[in-house]
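Some notes on the structure that comes next.
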Amino acid sequence: MACRGVLVRADASQVKLVSMTETCEQASGPDFMSVANRPGWLRYGAAVLAVVLAVALTRLPAVGQFLGVLFFLAVFVSAWYGGLGPGLLAISLPMAAIFAGLAAARRPPAPQQATGLAVFLGGGLLITTLVEALHVARRKAEQSMAEAQRHQQRLRDADRLKDEFLAMLAHELRNPLAAIGGALQLLRRQGWPGPGDERGWSLDVLERQSAHLARLIDDLLDVSRVSRGKIRLRRERLDARLVLERAAEAVRVPAVERRHELRLALPEEPLWLEADPTRLEQVLVNLLGNAVKYTEPGGRIDLSAERVGADWVFRVRDTGAGIDPEMLPHIFDPFIQADKTLDRSQGGLGIGLTLVHRLVALHGGHVSATSDGLGQGSEFAVHLPASAPPLGAVPRPLLLSAPPTPTRPLRVLVVDDNTDTAKSLTRLLRLSGHEAYVAHDGPSALDLAREERPEVFLIDIGLPGMTGYELAQHLRREGFASATLIAISGYGQEQDIQRSRDAGIDHHLVKPIDFDSLLALVARAHPEREPGPRLLASSHWREQRV
């Protein structure tokens, strides 16, 4: 059977979409049990053999009385094995032999003999017709099954192509976002604009909208990965109060801009969970972000936590637009949005709540939504199984590493074929006190590395001619075993990160990157220069306005 589709040919430097026709054949080969797949000589030969065998058996004294049964059986076997033609042949041969004998004897058939011939002819035709009908039904069933398999294959191909397209789209979008983000950070670190300069508003808008685009890309890819079971949770036992605090801090700026009162109510006891802190924060930020988006200026948003039975329940309650009762049963379906007006004032792809629902389910919990109707606000409740506290656990404040300040400049080689991204990274590194070099492809990067002996490499994966994976392998073989290799790429799926590990790359960052995080990774190449942690947030509080 032939299956038409579209093949996506993708390597690290380019994407090509080409039409193709691929042959989808079952591994077991042709079905010999199908009548159509048997050779004609074999089918008709079987019919002749069945008739000859029936005639031979009638010569036996004990079997001769079953003459009619034997010939009907020969017709059935011939029609079942060979189809309509061999079945008719099995009818014709005995009758031809009988009429030939009568002709040789020059006498007409006796009445009893004529009745037997008529019964045999009618019964044989009936058996052959019924068996042929069964063959036709079987062929139709096989065709329906084959069509279903082709349809299933087309669906699998379409799903695979969709995932590949999303991955490539994310890569192509992240490259310009990385360049824009690098340029914005460069302006900030150079002190532009100065205090009181109204152009600072423009810079804020660029940074905020770039971050929004990056989040949309991540949400779109996350929904696809969760649907295919490709997301692996990195569970750990944690005090979820710290995660809730970080989530509230993440939406503080847009909440302030819309004059929202954002309140956080947490119990004094630790909220012990077995969870992936990054994914849990993503769930809460999505819910809080929706609350900020759909709550009118001056409204109130509450984030709270409480113990209900064996679960911890995190509630996000707002005084915003509310949810239509008809929409509530579908609120977690993909691409469902309450805002269907032409102006699309709230934006978004309608996948944030779908992602929340699926991430919570991966944690063994569930999420629900309630609302009294449009204009009455809404509440989302995340239920997650509580965990026992670890032995000797003491609640601690959240500690994060401050951006490192190296005592001497490091030699850093930036390898990226995107000129804007490479230039912005190089200039940011130089502003931070490092010696930075740039190369735009693998061979020139190898030549420059041999000459300058960098201590850190920032490598794009999608390089022309030689991929970032291949470049990393060359570097490890050529005496850079102790260098720190950091992949900075638009490719951010699990298999991309695993390929980085296999190639000898130490860290894999997805564009657009946070430059402070990059500096922290660079500093880890020399731990003695990395300063101690700093206090970011306290974990002992009951209620606070953020």
Side-chain angles (χ1 to χ4, degrees), residues 1-4 21-156:
M1 67 186 76
C3 304
R4 293 190 176 272
T21 301
E22 58 181 355
T23 302
C24 307
E25 293 188 354
Q26 296 180 1
S28 58
D31 183 7
F32 189 73
M33 295 303 295
S34 176
V35 172
N37 290 329
R38 298 188 183 114
W41 64 268
L42 185 59
R43 294 187 291 117
Y44 285 95
V48 173
L49 181 61
V51 173
V52 170
L53 185 60
V55 171
L57 288 174
T58 60
R59 305 295 183 184
L60 299 175
V63 184
Q65 58 182 330
F66 299 107
L67 175 64
V69 176
L70 289 172
F71 279 112
F72 279 133
L73 184 60
V75 172
F76 174 78
V77 170
S78 300
W80 181 260
Y81 185 79
L84 181 62
L88 295 175
L89 179 62
I91 298 172
S92 304
L93 287 176
M95 295 191 66
I98 292 172
F99 279 113
L102 292 173
R106 294 181 180 181
R107 61 182 176 84
Q112 185 178 1
Q113 192 176 28
T115 302
L117 287 173
V119 170
F120 175 69
L121 178 62
L125 289 175
L126 179 61
I127 290 173
T128 304
T129 302
L130 290 175
V131 172
E132 179 62 19
L134 290 175
H135 282 312
V136 171
R138 184 175 187 268
R139 284 195 295 271
K140 288 183 177 179
E142 289 174 344
Q143 291 171 356
S144 298
M145 185 177 296
E147 180 60 31
Q149 290 175 344
R150 286 195 294 269
H151 182 64
Q152 189 177 27
Q153 182 64 38
R154 286 194 292 268
L155 289 177
R156 284 195 296 263

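All values derive from a computational prediction rather than experimental measurement.
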Look at the aromatic rings of F72 and F120 and report parallel, tilted or perpendicular, splitting at 30° and 60°. tilted
Within the side chain of R43, is there an N or O that forms a donor-acceptor pair under 3.5 Å with the backbone of P86? no
I need the minimum non-hydrogen distance between A74 and A90, along with the two atoms involved. O-CB, 4.1 Å
Does F71 reach the side chain of I91, with side-chain heavy atoms less than 4.5 Å apart? no
Apply the test side chain to side chain donor-acceptor pair (under 3.5 Å) to residues Q153 and R156: give CA-CA distance (whole Å), side-chain angles for both, the deciding distance (0.1 Å), then the verdict. CA-CA 5 Å; Q153 182 64 38; R156 284 195 296 263; 2.8 Å; yes
Quick note, salt bridge (charged side-chain N to carboxylate O under 4.0 Å, His left out) partners involving residues 79-101, not counting sequence neighbours, are none
Do L125 and L88 make a side-chain contact, defined as non-hydrogen atoms from C-beta onward lying under 4.5 Å apart? yes
Any idea which heavy atoms bring V75 and G124 closest together, and the distance? CG1-O, 3.8 Å
Rounded to the nearest 0.5 Å, how far apart are CD of Q152 and CE of M145? 11.5 Å
Inter-residue atom distance L130.CG - I127.CD1, 0.5 Å rounding: 8.0 Å
Would you mind listing every ring-ring contact (aromatic ring centres under 6.0 Å, His included) that reaches into residues 129-150, with sequence neighbours excluded? W80-H135
Could you tell me the separation between the OG atom of S78 and the CG atom of L84, rounded to the nearest 0.5 Å? 12.0 Å
Can a salt bridge be assigned to the pair E132 and R139 using a cut-off of 4.0 Å between side-chain N and carboxylate O? yes
